[in-house]
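Ligands are counted one by one from 1 in listed order, and the atoms in each one are counted from 1 as well. From a predicted model like this one, the values you see are computed outputs, not experimental measurements. Because only heavy atoms are used, hydrogens play no part in the values below, and waters and symmetry mates are left out as well, while side chains stay in.
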Amino acid sequence: MAEFLRASGGAAVMDGGLATELEANGADLKDALWSARCLFTCPGLIRKVHLDYLEAGASVLITGSYQATIQGFLSKGFSQEESESFLRRSVELACEARAIYLEKCSNGSDEDKNKTKYRKRPILVAASVGSYGAYLADGSEYSGDYGKEGNLEFLKNFHRRRLQALAEAGPDVIVFETIPNKIETQAYVELLEECKLCIPAWFGFTSKDGTNVVSGDSLIECASIADSCKEVSAVGINCTPPRFIHALVLSIREVTNKPILIYPNSGESYDPIRKEWVACSGISNEDFVSYVRKWHEAGASLIGGCCRTSPDTIRGISKALHGV
Ligand code: MET
Ligand SMILES: [Zn+2]
């Protein structure tokens, strides 16, 4: 991790919203599987969007497995074996995009190579694990209210095989995204300790007030739990409005010396009934990018975008951090 950050000039650019960009490319995500549907309807489009993010300057690709769960695929009539193969496929698609990109860096015409678009650099594939609330497809990853299922054993059992199947595909990192509460944080830490995956993990929490995670549990407590796990190599925030990020980075810094990752959304909010983002209070790409140096100074060293951000956002972040 330290080596990756050093090779990335002290701060690495992550990718932007995958589901957002799949939709922008014409995919229909109005389904309980959301972007995971594309793993069997249009896998080539996932690869293309990964490639678009690399060409925009990203050095971290997050796979299309955010809402891909064995339980979700089984309920669509797929077999256990097919469900696990979709999980592995999500990692393979990102690895393929990386291979195509690095090939273009090496073999592109001189004109291409001179463009900032094809800059040879270390690239990590991070296998996404969305929270249990994402599987529920009712927006509960933004409330953290899991009712009676919100207990440690249930959540560990829910994620266990999925996590192992993703790890078997050989990603560089596992990224737990949109973690809404303390109980799921604890479940992930225990699974990492039990499963011995030998793959570093990153934790991304969501907040809607700049102090706590969305359930109301203390971010500091959640970040401390993540910090205590030796498998965890970065802790941070994702899919949270940009206006909260600076304070959240400072809070996390109080409880960990591990690298801090942040990839906010555009500030718009999600309507789980209509399965649409409500474009009311979002901020422009320019405003988003203008925060980037401030977040870096506060201690964030992995910076990208989540929902409603695009390759243009990532180009802006790359320019703000690295001048290219
Ligand atoms: C609701 S957060 C979604 C995160 C996922 N990595 C995506 O960009 O689609
Ligand atoms: Zn998001």
Side-chain angles (χ1 to χ4, degrees), residues 13-25 27-39 42 45-50 52-54 56 58 60-69 72 87 90-91 93-94 97 124-144 166 171 173-180 184 201-208 213-214 234 236-242 244-245 261-272 275-279 282-283 288 302-311 313-314 317:
V13 182
M14 300 177 70
D15 62 4
L18 181 71
T20 301
E21 199 53 20
L22 288 167
E23 269 189 320
N25 278 269
D28 177 8
L29 307 187
K30 292 194 174 155
D31 182 90
L33 293 180
W34 198 44
S35 56
R37 201 173 163 266
C38 297
L39 290 167
C42 51
L45 191 60
I46 299 181
R47 195 194 300 109
K48 179 212 179 267
V49 170
H50 286 321
D52 288 346
Y53 276 122
L54 292 175
V60 176
L61 291 178
I62 299 183
T63 64
S65 47
Y66 174 79
Q67 206 139 311
T69 62
L87 287 165
S90 70
V91 176
L93 289 166
L124 298 183
V125 168
S128 166
V129 175
S131 55
Y132 175 62
Y135 154 77
L136 294 176
D138 60 359
S140 53
E141 73 261 53
Y142 300 109
S143 72
L166 285 168
V173 174
I174 305 274
V175 58
F176 296 99
E177 302 193 269
T178 337
I179 310 169
E184 200 157 28
W202 296 351
F203 277 44
F205 297 100
T206 38
S207 171
K208 54 187 175 195
V213 296
V214 290
I237 301 288
N238 80 288
C239 216
T240 292
F244 297 137
I245 298 295
L261 65 95
I262 50 147
Y263 52 108
N265 58 31
S266 64
E268 292 156 275
S269 53
Y270 188 68
D271 178 341
K275 299 199 188 312
E276 278 174 6
W277 288 83
V278 187
I283 61 166
F288 185 112
L302 292 146
I303 302 179
C306 204
C307 296
R308 310 291 282 173
T309 66
S310 66
T313 322
I314 299 312
I317 295 173

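Side chains of Tyr66 and Thr178 form a contact here, defined as non-hydrogen atoms less than 4.5 Å apart. Taking the side chain as every heavy atom from C-beta outward, Leu18 and His50 approach each other to under 4.5 Å. A 4.5 Å side-chain heavy-atom check between Ser90 and Leu166 finds at least one atom pair inside the cut-off. With a 4.5 Å cut-off on side-chain heavy atoms, Leu302 and Trp202 count as touching.
Between Leu18 and ligand 1, a contact under 3.5 Å exists for at least one N or O pair. Of the polar atoms of Ser128, none of the N or O atoms is found under 3.5 Å from an N or O of ligand 1, judged by distance alone.
Protein heavy atom closest to atom 5 (C) of ligand 1, with residue, atom name and distance, is Glu177 OE1, 3.7 Å.
If you take CD1 on Ile262 and CD1 on Ile245, they are separated by 5.5 Å, rounding to the nearest 0.5 Å.
The heavy-atom pair separating Val91 from Ala127 by the smallest distance is CG2-CB, 4.0 Å.
Residue contact check: Thr178 has heavy atoms under 4.0 Å from atoms 2 (S) of ligand 1. Set against the non-hydrogen atoms of Tyr142, the atoms of ligand 1 under 4.0 Å away are 1 (C). Set against the non-hydrogen atoms of Cys307, the atoms of ligand 1 under 4.0 Å away are 1 (C), 2 (S), 3 (C).
At a 4.0 Å cut-off, not a single heavy atom of Tyr263 sits close enough to ligand 1 to count as contact. The closest approach between a heavy atom of Gly17 and any atom of ligand 1 is below 4.0 Å. Note on ligand 1: Cys306 sits in its first shell, one or more heavy atoms being nearer than 4.0 Å.
With a heavy-atom cut-off of 4.0 Å, Ala19 touches ligand 1 through backbone and side chain alike.
To the nearest 10 degrees, the angle centred on the Zn ion (ligand 2) between SG in Cys307 and SG in Cys306 reads 130°.
Looking at Ser128 and Glu177, their side chains do bring a donor and an acceptor atom within 3.5 Å of each other.
For Thr240 (side chain) and Thr206 (main-chain N/O), no donor-acceptor pair under 3.5 Å exists by modelled atom type.
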